[in-house]
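Reading through the structure tokens given below for one structure.
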Amino acid sequence: MGSLSLASITDPRTISPSSYSSPSLQIPRHLAHSNGFFPFSSTGFLGRITSTGPVRAEMVKQTASAIDFSDPEWKINYQKDFERRFNIPRITDVFPDARPIPSTFCLRMRTPVSEEFAGGYPSDEEWHGYISNSDRVLLKTINFASPNSAGAVCIDPACTWVEQWVHRAGPREKIYFKPEEVKAAIVTCGGLCPGLNDVIRQVVITLEIYGVKSIVGIPFGYRGFSDSDLSEMPLSRKVVQNIHLSGGSLLGVSRGGPSVSDIVDRMQEKGINMLFVLGGNGTHAGANAIHEECRKRKLKVAVVGVPKTIDNDILLMDKTFGFDTAVEEAQRAINSAYIEAHSAYHGVGIVKLMGRDSGFIAMHASLASGQIDICLIPEVPFELHGPHGVLTHLKYLIETKGSAVVCVAEGAGQNLLQKTNAKDASGNIVLGDIGVHIQQETKKYFREIGVHADVKYIDPTYMIRACRANASDGILCAVLGQNAVSFP
Ligand SMILES: Nc1ncnc2c1ncn2[C@@H]1O[C@H](COP(=O)(O)OP(=O)(O)OP(=O)(O)O)[C@@H](O)[C@H]1O
Ligand SMILES: O=P(O)(O)OC[C@H]1O[C@](O)(CO)[C@@H](O)[C@@H]1O
Ligand SMILES: [Mg+2]
């Protein structure tokens, strides 16, 4: 609720990759952190976050095609446009008369502000721990000398160096919400992801450091706003102290749920003026709509999003929380498939991993394990049959190595499966089961060519996300949770 709280209303916090269709998409995924801060921590609304390699490249191409490179000003215009897209809305945009107060957040002061702020708000002018609204983080760090340089994604044909900056997360010196007037709510939506509890915990702890006393959890996602048999859960440091030691979400999650207008009605009834949403693209589309509705109703409400996707497919971000843990867990399944395959005569191990539109989990787990012969991801089309098909290559591996292990992302090869048009409660398309399909086709293929093959299929789908965050994700979650409260 730092200064940013102001963002509240428009939720500022950050950048909204969603609305993004600019070349920023070309940014390689390795630059987000700077000075220990994760620039997109409390990112606003990631409405449409899927960003697989080919999608990103295509968007860059589209954007580039709209630029007139013969205009000597193109680079300046491009940078201005980038700055505009990443502009952080301020509470003063909606409430021009809102007056800030000195921040009640100071890491030097470990005890919460006392006496109900009777003596006024503490101002610690000697503490240089605040972030300036003008601080920026450089997104792109590689200067590709030519479009032919490996991995180069360029804006113009000459691959000109264009700096791209985003706002820096962290506590501001001035805030726009008096802690004693805040009722903060936290909600977790969509699928599970390791680290949800870590983020909840850090949001609660940071709110308390600011002096906020009224904090609640909304049970089972947005559904918790509408179901009369679900009541809000009071949260405090005491309640959340050890929740990061378990996987899942203390609050529960769900897909589907009430309309945005119903959610805002409930928020008004409950007096919630700060909402922290932890979720993926759907959740953030919802958060954006909630924010717009609050704005329309002229409610001084801060809506803050913390992006969550185990698939790690958010534009511009190096890594989303839970991804590291998922990759680590996925390796266990791969190792089992490897052992099974290598202990069998002509063994073939197949492992299916999460990854709706992107193959980051499959690819990273395959690389880390060193035990995968074939990795299939949504970004790269493939054939099962034919001379260049996966099955022909499997036969070659069986003949030359005696066994083989395949890792496939759930979203890969969907063109090979019959479409069902089925959707989940949130409207997401239910994917066909590519893992089972490959298993069946592999058995059939080897039977038909008269070669013995012992096929073992492992689907650890929920095992890689229903677990506690590892140390690296734990730290990332702590930074995200703190910045969600403290960002502008
Ligand atoms: N366009 C939208 N407008 C408002 N609410 C939405 C929208 N899309 C999804 N939601 C709501 O957001 C919540 C979560 O959406 P969804 O189930 O798609 O998960 P997600 O946030 O994308 O997470 P995951 O990464 O697990 O898919 C649901 O309650 C859903 O009703
Ligand atoms: O079965 P559920 O709970 O809907 O979640 C599965 C989906 O969630 C995701 O992890 C997206 O967050 C996808 O990879 C997967 O399709
Ligand atoms: Mg989603």
Side-chain angles (χ1 to χ4, degrees), residues 194 310-312 323-356 358-420 430-467 470:
I310 200 167
D311 294 346
N312 197 33
F323 174 70
D324 234 24
T325 307
V327 168
E328 209 166 282
E329 289 297 315
Q331 280 186 89
R332 294 186 217 284
I334 288 177
N335 187 244
S336 299
Y338 178 87
I339 291 170
E340 286 286 347
H342 282 252
S343 306
Y345 174 60
H346 284 186
V348 177
I350 301 167
V351 180
K352 185 184 76 170
L353 296 172
M354 277 192 173
R356 175 175 280 275
S358 63
F360 291 107
I361 297 177
M363 191 177 70
H364 281 237
S366 297
L367 288 171
S369 73
Q371 295 177 318
I372 291 295
D373 298 289
I374 301 174
C375 178
L376 305 169
I377 57 176
E379 291 89 334
V380 183
F382 63 91
E383 293 161 12
L384 276 184
H385 299 277
H388 304 296
V390 170
L391 296 171
T392 305
H393 190 57
L394 270 181
K395 175 171 170 275
Y396 165 78
L397 291 169
I398 292 286
E399 287 167 355
T400 53
K401 291 177 59 186
S403 63
V405 189
V406 180
C407 178
V408 58
E410 65 173 333
Q414 288 298 306
N415 57 315
L416 307 175
L417 306 170
Q418 211 147 36
K419 282 203 169 50
T420 63
V430 175
L431 299 178
D433 197 330
I434 186 67
V436 168
H437 181 68
I438 293 179
Q439 176 201 26
Q440 288 168 347
E441 290 299 302
T442 305
K443 284 182 177 169
K444 203 167 103 197
Y445 170 77
F446 282 104
R447 204 166 46 235
E448 282 171 4
I449 62 170
V451 175
H452 175 83
D454 194 347
V455 181
K456 298 288 190 334
Y457 175 53
I458 299 181
D459 179 351
T461 293
Y462 295 110
M463 296 175 74
I464 69 168
R465 76 176 194 189
C467 50
N470 68 12

Salt bridge (Lys or Arg N to Asp or Glu O under 4.0 Å): pairs with one or both residues in residues 386-396, sequence neighbours excluded: K395-E399
Side chains of H346 and S403 in contact at under 4.5 Å (non-hydrogen atoms): no
K443: salt bridge (Lys or Arg N to Asp or Glu O under 4.0 Å) partners, not counting sequence neighbours: none
Parallel, tilted or perpendicular: rings of Y345 and H452 (30°, 60°): parallel
Y462 vs M354, side-chain contact (heavy atoms from CB on, under 4.5 Å): CA-CA, chis, key distance, verdict: CA-CA 8 Å; Y462 295 110; M354 277 192 173; 4.2 Å; yes
Closest non-hydrogen atom pair, K456 against E340: CE-OE1, 3.9 Å
Closest heavy-atom pair and its distance - A337, I458: N-CD1, 3.6 Å
Derivation of the side-chain contact (heavy atoms from CB on, under 4.5 Å) call for L376 and I434: CA-CA 10 Å; L376 305 169; I434 186 67; over 6 Å; no
Gap separating the CG atom of L431 from the CD atom of E410, nearest 0.5 angstrom: 5.5 Å
Heavy-atom closest contact (Q371 atom, V405 atom, distance): O-CB, 3.5 Å
Shortest non-hydrogen contact from A365 toward Q331: O-CG, 4.0 Å
Derivation of the side-chain contact (heavy atoms from CB on, under 4.5 Å) call for F323 and I361: CA-CA 7 Å; F323 174 70; I361 297 177; 3.7 Å; yes
V390 side chain near I374 side chain, heavy-atom distance below 4.5 Å: yes
Short side-chain to backbone donor-acceptor contact, D311 and S358, under 3.5 Å: no
Spacing of H437 atom NE2 and K352 atom NZ [to the nearest 0.5 Å]: 13.0 Å
Criterion side-chain contact (heavy atoms from CB on, under 4.5 Å) on Q439 and T442, from CA distance to verdict: CA-CA 5 Å; Q439 176 201 26; T442 305; 5.9 Å; no
Minimum side-chain heavy-atom gap I310-P194 below 4.5 Å: yes
4.5 Å side-chain heavy-atom contact, P460 and L353: yes
Atom pair CG/CD of L391 and E383 - distance to nearest 0.5 Å: 11.0 Å
Between NE2 on residue H388 and CZ on residue F382, distance to nearest 0.5 Å: 16.0 Å
Flag, side chain of E379 to backbone of G359, donor-acceptor distance under 3.5 Å: yes
Heavy-atom pair with the smallest gap, counting every atom of P378 and G355: CG-O, 4.0 Å
Inter-residue atom distance D373.CG - K401.NZ, 0.5 Å rounding: 3.0 Å
L394 side, atom CG; I350 side, atom CD1 - distance, nearest 0.5 Å: 7.0 Å
Nearest heavy atoms of C407 and S366, plus distance in Å: CB-OG, 3.5 Å
